[in-house]
Amino acid sequence: MLELEFAARDLAHTRFAVSPLWEVVAGVRVLRRPDEHPLHRPWLAAVRPRLAAARLDWRLLADLVPEGPLTIPVFVAPPPTSSVPDLGVELAALRATPPEQVRAELDGPRAPRTERVEALRQDPEAELAQLATPWRRTGSSRWRPTGRACAPCWRRMFSTGPGCSPRAASSSSPPTWTLG
């Protein structure tokens, strides 16, 4: 049996939500180390051509999602503020990260170290805006490259998790799910 102890502060920071930005982080990990994620091979086969067609420069994002003992800075995927977070809200939180927080998280002993990360440390406001730019809403109703990479999967992801009962799985409204 697993037993977890929480202080009041820990519990106050606990969220049960599917974060779009955390899904992006998870996707970056899968793209970088596909052999470690054999269950995601069909997703990779579908996503790689779409990402290549988007010509997205995601090197800074890849630098911020390091391998090994390095840590992902919290500002990259901030804790969701609701149980059904919106990508636009999360991107606004990313762009609004105070420069001192960015620097503090990037100065840690386990933080990633690259030229792109150093540029982010030097000018957090400009670099965070640039990091979030490829994800801005386009003229269509889809986010890019999320629309290219994840849109075909969102409905299924939100409606078929273990212990979940699908709701609105075939509607055009945002997917919802309930724990059962």
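For the numbers below, each heavy atom of this structure counts, side chains included, while hydrogens, waters and symmetry mates do not. One-based numbering along the sequence shown.
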Trainee: Taking only residues two or more places apart in sequence or in another chain, which ones pass side chain to side chain contact (heavy atoms under 4.5 Å, CB included) with A111?
Mentor: R113

Trainee: Is there a donor-acceptor contact under 3.5 Å from the side chain of R32 to the main chain of V65?
Mentor: yes

Trainee: Looking at V74 and P79, what are the two nearest heavy atoms and their distance?
Mentor: CG1-CD, 4.1 Å

Trainee: Please determine which of L60, V76, L94 meets the side-chain contact (heavy atoms from CB on, under 4.5 Å) test together with L128.
Mentor: L94

Trainee: Rounded to the nearest 0.5 Å, what separation is found between the CG atom of L64 and the CD1 atom of I72?
Mentor: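 Reported to 0.5 Å precision, the distance equals 9.0 Å.
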
Trainee: Would you compute the distance between atom CG of L39 and atom NE2 of H37 and round it to the nearest 0.5 angstrom?
Mentor: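 Between L39 CG and H37 NE2, I get 10.0 Å after rounding to 0.5 Å.
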
Trainee: So, taking the atom named CZ in R29 and the one named CD in E36, what distance separates them when rounded to the nearest 0.5 Å?
Mentor: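 That separation rounds to 10.0 Å.
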
Trainee: Please name the pair of heavy atoms, one in A132 and one in L91, separated by the smallest distance, quoted to 0.1 Å.
Mentor: CB-CD2, 4.2 Å

Trainee: Would you kindly confirm whether W58 and L106 end up in one hydrophobic cluster when ILVMFWY residues are joined by side chain heavy atoms under 4.5 Å apart?
Mentor: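 Both belong to a single hydrophobic cluster.
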
Trainee: Could you tell me if the side chain of P73 sits less than 4.5 Å from the side chain of V102, heavy atoms only?
Mentor: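 They are not in contact (no side-chain heavy atoms under 4.5 Å apart), so the answer is no.
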
Trainee: Are there over 12 heavy-atom neighbours, none belonging to E125, within less than 6.0 Å of that residue's CD?
Mentor: no

Trainee: Would you say the side-chain atoms of E127 pair up with the backbone N or O of A119, donor to acceptor, closer than 3.5 Å?
Mentor: no

Trainee: Just how far is it from atom OG1 of T71 to atom CZ of R110, taken to the nearest 0.5 Å?
Mentor: 5.5 Å

Trainee: Pairs in or reaching into residues 99-109: which pass salt bridge (charged side-chain N to carboxylate O under 4.0 Å, His left out), with residues at least two apart or in two chains?
Mentor: D107-R121

Trainee: Report yes if the side chains of R41 and P34 come closer than 4.5 Å at any heavy-atom pair, otherwise no.
Mentor: no

Trainee: Just by distance, do the side chain of D123 and the backbone of L120 share a donor-acceptor pair under 3.5 Å?
Mentor: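 No: the side chain of D123 does not pair with the backbone of L120.
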
Trainee: Please say yes or no: joined through hydrophobic side-chain contacts below 4.5 Å, possibly via intermediate residues, are V89 and V24 part of one cluster?
Mentor: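 No: no chain of side-chain contacts under 4.5 Å links V89 to V24.
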
Trainee: Is the shortest heavy-atom distance from the side chain of P20 to the side chain of D86 under 4.5 Å?
Mentor: no

Trainee: To the nearest 0.5 Å, tell me how far W43 CH2 sits from L31 CG.
Mentor: 4.5 Å

